[in-house]
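Whatever order the structure lists them in is the order used to number ligands and atoms, beginning at 1. Predicted, not measured: the structure shown is a model, and the values here were computed from it. Computed from heavy atoms alone, side chains included, the values below leave out hydrogens, waters and symmetry copies.
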Amino acid sequence: MAADFDTIVNLAKRRGFVFQASEIYGGLRSAYDYGPLGVEMLRNVKQQWWRSMVQMRDDIVGLDSAIIQSTDVWKASGHLSSFSDPLVECRTCNARHRLDKLKDPDTCPTCGNSGTFTEPKDFNLMFKTHMGPVESEDNVVYLRPETAQGIFTNFENVRRTARMKVPFGIAQIGKSFRNEITPGQFVFRTREFDQMEMEYFCRPEDADAVFSEWVDSRHSWYIDLGMTPENLRMRQHEPEELAHYAAAAVDVEYMFSWGWDELEGIANRTDFDLKAHMERSGQDLSYFDPETNERFVPYVIEPAAGATRTTFAFLIDAYAEEKVNGESRVVLKLDPRLAPVKVAVLPLSKKPDLVETTHKVASMLRERWHIDVDVTQSIGKRYRRQDEIGTPYCVTVDFDSLDDNQVTVRNRDTMSQDRIPLDNLLTYLTPLLPS
Ligand code: GAP
């Protein structure tokens, strides 16, 4: 069972991970800004995803496609006709709800009245706007609801220019937008969010095996980054749950305080998207295999994760409260690769000599990692502050450091301390703080 929801939300706000968007104007519901620590952690999550998907593989390349695409893209993909949720409105209190998410489909959770809902209507989730200075129907464009379509429309560009051979993948991280009927649970469901998606193109007959490989590989990614195995499960979709493009799907789910909920979907999208774009654009997106002399439209296996949602889950999962010598401490046991600050450098006192040495040590470490320097309050309080944001190592510069050129390195999890010569500090920390 994961940490209490309110505790994490309070920590996130208090320590500058996440702020309400437009807070000084009363806040914009369902939109959030990532503060100094949040932006580091979110970037680290994306970086680990990119590293495992692109950097460490020779069969996957990256892409950064536009948020606004031709409306033909959404016509072809089926998003204009089918990307909708069933919306009901309560006739008593006018609250709007997503029918498929209601615990009791007959009772309004806002006012508690039964039998007051209007007939459900399909509400399209895409944000609509206009391109250029004229607001006419001819200029309507949409903000992308998934990054995937930019990958499909660039399939041939990427294949040709990067000289890729099927099977290969194209990965992309970027913003997506959905006009969710009921956003909520802090950053879990928002109207603007970051996705990390990869489309892996393969031979149709290999799709089932490739799908299983990606299900295993994505499960391992979360575990390798320290997520508690009991808080993670892989759930196969029932046929009636499948998206309009999918032949099979497995969700990576996390045990949130409100129950199991989705972090990522892995889907077999078949040749649905490439064929749909071939038909609408008139362009040939089939693949000629020079080894077998066959031409075919590849199938696509897609692991699609939410970066903001996943960051939230890592934050929840890392949260711990411990008793140390009769005192309680809050500690984020984040994998060092995800921790927003890797090392805090702390002078034992504000004495100018110590502070000067502290800054020298910090500039040396800054070449490699994100570093914090904290000079105020007692050393115990400063350790607790760093524990609470998950800083894996604190380096303390004390009075002896000025004579012996050594510093004390404290480990966040064990709280053990090692005395290390300054000349060896980088060599000591490097294996402990991998990229
Ligand atoms: N291209 C496939 C696709 O977009 P999805 O399951 O709708 O599939 C993938 O989205 C992931 O994007 C989800 O598993 C979730 O992590 C994230 N996501 C979707 N809607 C979101 C929202 N409103 N707020 C935050 N994250 C969201």
Side-chain angles (χ1 to χ4, degrees), residues 18 21 28-32 34 38 42 45-46 49 53 63 65 67 69 73-74 77-79 82-85 98 100-101 123-127 142-153 169-200 211 214-215 218-219 221-222 227 232-237 241-254 256 260-270 272-274 276 300-316:
V18 179
L28 179 66
R29 206 174 143 236
S30 95
Y32 292 91
Y34 286 75
L42 182 60
V45 168
K46 292 180 194 172
W49 186 90
M53 282 291 179
L63 181 77
S65 69
I67 285 172
Q69 300 278 345
V73 170
W74 313 117
S77 67
H79 282 86
S82 318
F83 194 59
S84 52
D85 282 335
R98 203 175 132 180
D100 58 326
K101 291 280 176 191
F123 175 75
N124 194 293
L125 298 183
M126 280 198 295
F127 273 95
Y142 297 88
L143 305 188
R144 67 180 176 200
E146 61 170 14
T147 64
Q149 294 304 323
I151 297 180
F152 297 128
T153 55
I170 305 177
Q172 166 155 237
I173 298 178
K175 291 262 189 198
S176 288
F177 301 82
R178 296 182 190 176
N179 201 0
E180 299 279 358
I181 297 170
T182 42
Q185 279 123 339
F186 199 45
V187 295
F188 180 81
R189 180 169 288 105
T190 49
R191 292 188 168 120
E192 169 184 343
F193 51 95
D194 282 307
Q195 286 190 311
M196 310 184 285
E197 300 198 288
M198 196 277 294
E199 311 300 322
Y200 198 80
F211 178 74
W214 279 109
V215 169
R218 293 305 302 147
H219 182 258
W221 184 80
Y222 291 91
M227 202 163 264
L232 203 65
R233 76 171 187 191
M234 309 300 273
R235 188 182 69 79
Q236 181 120 25
H237 276 214
E241 278 182 272
L242 290 171
H244 63 274
Y245 49 71
V250 165
D251 280 351
V252 183
E253 293 189 336
Y254 184 75
F256 288 95
W260 291 103
D261 221 331
E262 177 187 336
L263 295 181
E264 167 165 355
I266 301 146
N268 175 353
R269 290 183 80 129
T270 68
F272 177 90
D273 300 273
L274 287 182
V300 173
I301 306 302
E302 172 197 69
T308 35
R309 203 178 267 192
T310 299
T311 301
F312 185 40
F314 275 119
L315 196 63
I316 294 171

* Asked: Using 4.0 Å as the upper bound for N to carboxylate O, is an ion pair formed by R269 and E146?
  ->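 Result for this pair is yes, salt bridge flagged.
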
* Using heavy atoms and a cut-off under 4.0 Å, could you grab the residues that are in contact with ligand 1, chain by chain, numbers ascending? =>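 Answer by chain and number: E146, A148, R178, E180, F188, R189, T190, F193, Q195, E197, Y245, E262, L263, E264, G265, R269, E302, A304, A305, G306, R309.
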
* Which heavy-atom pair separates V250 from Q236 by the least distance, and what is that distance? -> CG2-CA, 4.1 Å

* If you look at every heavy atom in S77 and F272, which pair is closest and at what distance? ->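 Result for this residue pair: O-CE2, 3.4 Å.
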
* Partners of D85 by side chain to side chain donor-acceptor pair (under 3.5 Å), sequence neighbours excluded? ->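 D85: side chain to side chain donor-acceptor pair (under 3.5 Å) contacts with R98.
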
* Asked: So, S30 versus E180: side-chain donor-acceptor pair below 3.5 Å or not?
  ->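 Judged by distance alone, the side chains do not pair up.
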
* Asked: Can you tell me how far CD of E197 sits from CG of L63, rounded to the nearest 0.5 angstrom?
  ->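 CD of E197 is found 11.5 Å from CG of L63.
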
